[in-house]
Amino acid sequence: MIGIITMTEANKPFQKLKRQFEEFSDPQKAIKMSAYMKDHFSFYGIQTPQRRKLYSNIIKADKQSKQINWELLQLAWKQPQREWQYFVCDYLIALKTIIQTNDLARIKTFSRTKQWWDTIDQLDEVYGALSMKDKDVKTLMLTYSKDENFWIRRIAIDHQLGFKEKTDNQLLQQIILNNLESKEFFINKAIGWALRDYSKTNPSWVKQFISTHQDKLAPLSIREASKYLH
């Protein structure tokens, strides 16, 4: 049974992790990290291996107890330093098998705020795991594929990455068709990635899709999609 953690309990790991983030902060690296992200976010300047090491015990404990500490995640997400959002994404991916459909409202908050490719491309894995368990999430992905926010559309396009033979290619097709002729780089890149990933499992389907829709597919999408096709 998945338990509910109180705000008091959630605050303890938050304060501990905050002290650790501050202890391992590196102002010079923080400047470079922020620049790499087009200065959209501030950073502590902690590189990925060290950052993940700092909160590995938090994730391990909650995974073992099958308790999702939503209060901690919400508190972390609100923080200005980008490492906090990375923590949330790593946590959700690690516990994705116990996330339930009724948790979508919480995940939606994460996917619609502080948006950039670095978090969006992790959250699509969480949506993907849910879609495996609940067919209603597939309907939600169709809705997302027509959202006015292109980051949300990107989640829909790429949520089946890594599904291989479990890919719902009819769903994939409709989601991509809903985004053809887009001028947005992050959408056209996502389309290419989705097709390239599926080409490893079903190259003939991808070849046919490209042939049928090549007049509307962006050159970037075709180039990415064709990487493994012969």
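What you see is a predicted model, and the numbers here were worked out from it, not measured in a lab.
- Ile155 and Leu177 fall within the same hydrophobic cluster, where Ile, Leu, Val, Met, Phe, Trp and Tyr residues are linked whenever their side-chain heavy atoms come under 4.5 Å apart, directly or through other members.
- Ring pair Tyr55/Trp84: centre-to-centre distance not below 6.0 Å.
- Counting non-hydrogen atoms of other residues, nucleotides and ligands closer than 6.0 Å to NZ of Lys53 gives a total of 12 or fewer.
- For Arg223, the side-chain contact (heavy atoms from CB on, under 4.5 Å) criterion is met by Leu220, not counting sequence neighbours.
- Taking the salt bridge (Lys or Arg N to Asp or Glu O under 4.0 Å) definition, one finds that Arg112 meets it with Asp147, sequence neighbours left out.
- Annotation: Tyr127 is in aromatic contact with Tyr144 [ring centroid separation under 6.0 Å].
- Phe186 and Trp116 have their aromatic ring centers within a separation under 6.0 angstrom.
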- Between Leu73 and Arg106, does a side chain to side chain contact (heavy atoms under 4.5 Å, CB included) hold up when you go through it step by step? CA-CA 9 Å; Leu73 298 183; Arg106 296 184 175 101; over 6 Å; no
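- Across all their heavy atoms, Gln100 and Leu130 have their closest contact at C-CD2, 3.6 Å.
- Side-chain contact check for Asn178 and Gln174: at least one donor-acceptor pair (N or O, by modelled atom type) lies under 3.5 Å.
- Partners of Asp136 under the salt bridge (Lys or Arg N to Asp or Glu O under 4.0 Å) rule, at least two apart in sequence or in another chain, do not exist in this structure.
- The two residues Val206 and Leu195 come nearest to each other via the heavy atoms CG2-O, 3.5 Å.
- Other residues, nucleotides and ligands place no more than 12 heavy atoms under 6.0 Å from the CD atom of Gln170.
- In this structure, CD on Glu181 lies 7.0 Å from NZ on Lys183, to the nearest 0.5 angstrom.
- Checked for salt-bridge contact, Arg19 and Glu23 miss the test: no charged N lies under 4.0 Å from a carboxylate O.
- A 6.0 Å sphere centred on NZ of Lys16 holds no more than 12 heavy atoms belonging to other residues, nucleotides or ligands.
- Listed by chain and number, the residues in a side-chain contact (heavy atoms from CB on, under 4.5 Å) with Thr167 are Gln160, Phe163, Leu172, Tyr198 (sequence neighbours excluded).
- Checked by atom type, the side-chain pair Ser204/Asn202 shows a donor-acceptor distance below 3.5 Å.
- Considering only residues two or more places apart in sequence or on other chains, Gln85 meets the side-chain hydrogen bond (donor to acceptor under 3.5 Å, both in side chains) condition with Arg82.
- For Glu184, the CD atom counts as densely surrounded, since its 6.0 Å shell holds more than 12 non-hydrogen atoms of other residues, nucleotides or ligands.
- By the ring pair (Phe, Tyr, Trp, His ring centres under 6.0 Å) test, Phe110 pairs with Trp77, sequence neighbours left out.
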